[in-house]
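Starting from 1, each residue takes its place in the sequence as its number. As the structure is a computational prediction, the values presented were derived from the model and not from experiment. As the structure lists them, so they are numbered: ligands from 1, and atoms in each ligand from 1.
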Amino acid sequence: MTRPIERSISVVREAADWAPSSWQQRVHTQQPVYADREELTRALAQLHDLPPLVTSWEILALKQLLADAAQGRRFLLQGGDCAESFDDCSSPLISNRLKVMLQMSLVLVHGLKLPVVRVGRFAGQYAKPRSTDMETRDGVSLPSYRGDLVNGAAFTAEARRADPQRLIRGHARSAMTMNFVRALIDGGFADLRHPEYWDLGWVEHSPLHNEYRQMVDAIGNSLRFMETLAGEPLSSFQRVDFYTSHDALVMHYEQALTRQVPRQWGWFNLSTHFPWIGMRTAAIDGSHVEYFRGIRNPIAVKIGPSVTPDQLLRLIDVLDPDNDPGRLTLIHRMGAGKIETILPPLLAAVKSAGRKPLWCCDPMHGNTETLGSGIKTRRFENISAELDRAFDVHGAAGTHLGGVHLELTGENVTECLGGARHLVESDLARAYKSTVDPRLNYEQSLEIAMLIVRKRGGITLG
Ligand code: PEP
Ligand code: CO
């Protein structure tokens with residue numbers, strides 16, 4: 001869908017005052033400091049010549065799906081690790097994460113009666129924003145760990161050095177992850193008629209097992225019924241699409257993968273389908289917003305509790321000047337205690353300005369807490385309360401909540417408290433694996449999908 005007028009405006013705008021490197025003239029935040037600039041330049045030159053990870057066709061197809069979600073015709077399920085690590089680029093971890101997302105989407109499709117857009121926080125989610133540049137332990141201060149794309153987690157001077165070679169390794173690990181996900185999906189792993197492919201070892205012992213089984217059986221019956229009517233297997237059930245997203249934090253990396261492609265105008269970030277701007281890097285005059293305004297991908301921004309309606313409207317003007325369907329997703333992450341007071345004025349301002357972003361709720365990042373023991377966790381009850389309230393707040397404002405953004409894993413970890421198995425503080429020590437934020441485990445993720453269905457199930461949105 002090409003709109004000639006938008007096309008000519010955008011070309012003029014890009015040529016006049018935007019380039020993949022124009023972010024370099026703005027204030028940078030959360031960027032690694034590379035001691036050896038020449039080493040960085042060499043690594044970036046190499047990265048620049050490596051093939052991209054995704055294509056412009058896929059990016060534009062996703063943009064259309066997100067436009068549908070903004071209008072209530074689809075639901076966005078975005079999820080994955082807080083941060084991937086290079087060591088976790090392994091077959092079981094990738095396929096288990098995929099299984100959870102597929103199971104959740106099956107629950108959502110069944111309950112919401114809407115197609116689901118699946119977007120992973122993976123194949124490039126290797127960089128993390130940090131609250132301080134330095135970390136001090138026992139009187140020793142070293143640069144903070146910024147994710148495997150930048151440095152190592154071990155508390156040694158060597159590991160914490162920002163290493164440009166990690167940019168190349170990050171690209172390679174992202175490509176391996178993408179390749180495996182694509183191969184699984186093309187090979188029939190996501191076939192809706194075979195949900196048993198997505199079973200995880202402990203599913204049958206889960207308190208949610210019966211409810212999930214009933215949905216699987218109901219879907220199986222409807223698919224068989226439709227195929228009987230059609231008189232042949234329906235190929236559209238054999239595969240689902242999967243897209244990737246990450247926090248596009250390390251600007252040099254993103255710039256090196258920003259490309260022009262034949263028969264398309266403008267620039268695409270070809271490191272991922274759907275990059276987002278984190279809450280700490282969303283300053284209107286900062287380097288991230290400058291970079292994002294010029295790429296053609298659908299983009300998202302995390303909106304935290306300190307954003308004012310006026311700031312939000314200015315941000316939307318810069319990032320989506322043409323009110324282009326599917327272009328902009330606003331991911332609010334307020335916290336269960338704040339969402340009911342902070343979100344309504346933002347929704348009202350955006351609505352009365354005639355803006356139609358895709359609204360998505362991240363019920364994770366506003367609900368992080370540190371226990372007396374020093375462990376970082378999130379309470380399931382707060383996560384589910386924020387999500388539940390998000391639907392109500394949007395309902396009251398006359399806007400539409402079209403997606404959810406979650407940190408989750410297919411592993412049986414114990415990082416968030418509560419959920420169907422009522423995890424308590426003493427359980428956390430058992431299987432706490434995250435080096436960054438606490439994630440929902442398999443059961444807690446499925447429970448969130450069921451909660452969404454209970455909240456929205458059966459409601460058809462126009
Ligand atoms: C994240 O998504 O891991 C994150 C750091 O989120 P936010 O930018 O919303 O704090
Ligand atoms: Co996180």
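Comparing heavy-atom distances from atom 6 (O) of ligand 1 across R333, Q125, K302 singles out K302 as nearest.
The line from CZ of R421 to CG of N412 is 6.5 Å long, rounded to the nearest 0.5 Å.
Using bins of under 30°, 30° to 60° and over 60° for the plane-to-plane angle, the ring pair F75/F391 lands in the parallel bin.
Checking side-chain atoms of R118 against main-chain N and O of Y243 turns up no donor-acceptor pair under 3.5 Å. A donor-acceptor pair under 3.5 Å links the side-chain atoms of Q31 to the main chain of L249, judged by distance alone.
The closest approach of D437 to the Co ion (ligand 2), by N/O/S atoms, is made by OD2. Within E407, the N/O/S atom positioned nearest the Co ion (ligand 2) carries the name OE2.
Considering all non-hydrogen atoms of both residues, T29 and H288 come closest at O-CE1, 3.5 Å. Residues C416 and R439 approach most closely at SG-O, 3.5 Å, considering heavy atoms.
Proximity to G278 (heavy-atom distance under 4.0 Å) selects the following atoms of ligand 1: 8 (O). Those atoms of ligand 1 that come under 4.0 Å of a heavy atom in R121, given as number and element, are 1 (C), 2 (O), 3 (O). Contact atoms of ligand 1 toward K128: 1 (C), 3 (O), 5 (C) (distance under 4.0 Å to a heavy atom of the residue). Within ligand 1, the atoms closer than 4.0 Å to a non-hydrogen atom of C82 are 3 (O), numbered from 1 in the order shown. Close approach of ligand 1 to E407 (heavy-atom distance below 4.0 Å) involves ligand atoms 1 (C), 2 (O), 3 (O).
Using a non-hydrogen distance threshold of 4.0 Å, M364 does not register as a contact of ligand 1.
What sits closest to atom 1 (C) of ligand 1 on the protein, heavy atoms only, is H365 NE2, 3.0 Å. Taking atom 8 (O) of ligand 1 as the reference point, the nearest protein heavy-atom neighbour is M279 N, 2.8 Å.
Between H394 and W359, the ring center distance clears the sub-6.0 Å criterion.
Atom NZ of K356 has 12 or fewer neighbouring heavy atoms from other residues, nucleotides or ligands inside a 6.0 Å radius.
Under 4.0 Å from ligand 1, the heavy atoms of P129 that appear belong solely to its side chain.
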